[in-house]
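Following: one structure in structure tokens, then a few remarks.
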Amino acid sequence: MKVYRPVVPAKVNLYLEIIGDRPDGFHELATIFQSIDLHDRVTVRSAPSGIIRVRCDHPDVPEDATNLAYRAAALMAERFPAAFSKYGGVDLEIEKRVPVAAGLAGGSANGVAALAGVDLLWELGLTRADLCDLAAELGSDLPFCVLGGTALATGRGELLDPLPDVQGVWTVLGKYRSIGVSTPWAYKTYRDRFGAEYARTAAELKARRQAAKSGEMVQAIARLSKGDRDALPVLAALMRNDFEKVVLPEYPAIATLRDTLAEAAPLGAMMSGSGPTVFALAPSHDEAEAIRDRAQSRLGDQDLDFWIAPFRCSGIGLDPA
Ligand code: C5P
């Protein structure tokens, strides 16, 4: 029986600006996604039972039809019914390494792993563009998980402009095990408090999207990709995440973690996505370890986990099965 282990990395947001409402109830974003070398171990097998089954070793991850990996396999079965009946069901096993509900697209990456694994199992030969289209039907972060690397995203987060690869940068990630932030809550609270600042007209939306595309952070990424290390502190100083304005006041522990990591890291720290993970940037693995050790000794909390992961230049890969 064929077995595949698609590798789909987690992400951080180096920049996240909420720029307006959308007619579909979602928000218009301008965000810069960055893949990091942290991923779950997902195993995809054909299941003779003819059904889709998800198993996960993490108690907070549902194994039913609400799991994004399940939904991804169900979408493939719906789109490719002949292959589904030819090859039978799909067995998905997820060993969690990326923290859950953390603002790192861990669930989205599992959905993309299921799409990519089923594509291989059923020998469909889908292109990255095909996978991105299917991914966009499942959630706003999934197309980026297909593409990976560094990219500027607009729309709901699904319209991607790839940016040049950045190498030699590490993240130190910190997350309280007992804290989870609901993404819909974060968007709704942001709209309630800051909706008055949203772009109102198509021209205003376009101008704000364009400002992000030609902005200083994109220029800093271009310089860094060419090996200009002086651009790293410039990039770090330009980091922005609008969600911090609603999440940090509501969760003082996350605010303290952010302040502590920012003090411990000369390049500074910020929350990723709608949180609660906070990350600091570091120019080397040694420096990343020093930052983690400083933050850990200052906070020393049993409930707090740290990870170190370098930036990664690609999306979907494959582990030998
Ligand atoms: O697309 P995804 O499933 O990740 O979105 C989760 C929730 O986050 C949506 O139901 C919506 O409430 C909110 N969201 C939004 N605008 C976006 C992305 C997500 O309002 N661009």
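Remember, it's a predicted structure, so these values are computed and weren't measured experimentally. First listed ligand is number 1; within each ligand, the first listed atom is number 1.
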Side chains of residues 141-153: which donor-acceptor pairs under 3.5 Å do they make with residues two or more places apart or in other chains?
residue	atom	partner	partner atom	Å
T150	OG1	Q34	OE1	2.6

Query raised in the report: Listing by chain and number, which residues have a heavy atom under 4.0 Å from ligand 1?
Result: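 Only F26, H27, L29, G139, S140, R156, T183, P184, Y187 have heavy atoms that fall under 4.0 Å of ligand 1, ordered by chain and number.
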Query raised in the report: Under 3.5 Å, is there a donor-acceptor pair between the D130 and T127 side chains?
Result: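 Yes, a side-chain donor-acceptor pair sits under 3.5 Å.
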Report task. Check whether the side chains of E28 and Y198 place a donor and an acceptor atom closer than 3.5 Å, and report yes or no. Result ->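 There is no such pair (donor and acceptor under 3.5 Å, judged by atom type) between the side chains of E28 and Y198.
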Requested in this report: Please determine if E263 and R298 form a salt bridge, counting it only when a charged side-chain N lies under 4.0 Å from a carboxylate O.
Outcome: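 Salt bridge flag = yes for R298 with E263.
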Report task. Identify whether the distance between the nearest side-chain nitrogen and carboxylate oxygen of K226 and D228 falls below 4.0 Å. Result ->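 The answer is no: the pair does not qualify as a salt bridge.
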Requested in this report: Assess whether side-chain contact (heavy atoms from CB on, under 4.5 Å) is satisfied between E250 and W185, documenting all intermediate values.
Outcome: CA-CA 11 Å; E250 186 73 21; W185 169 85; 3.7 Å; yes
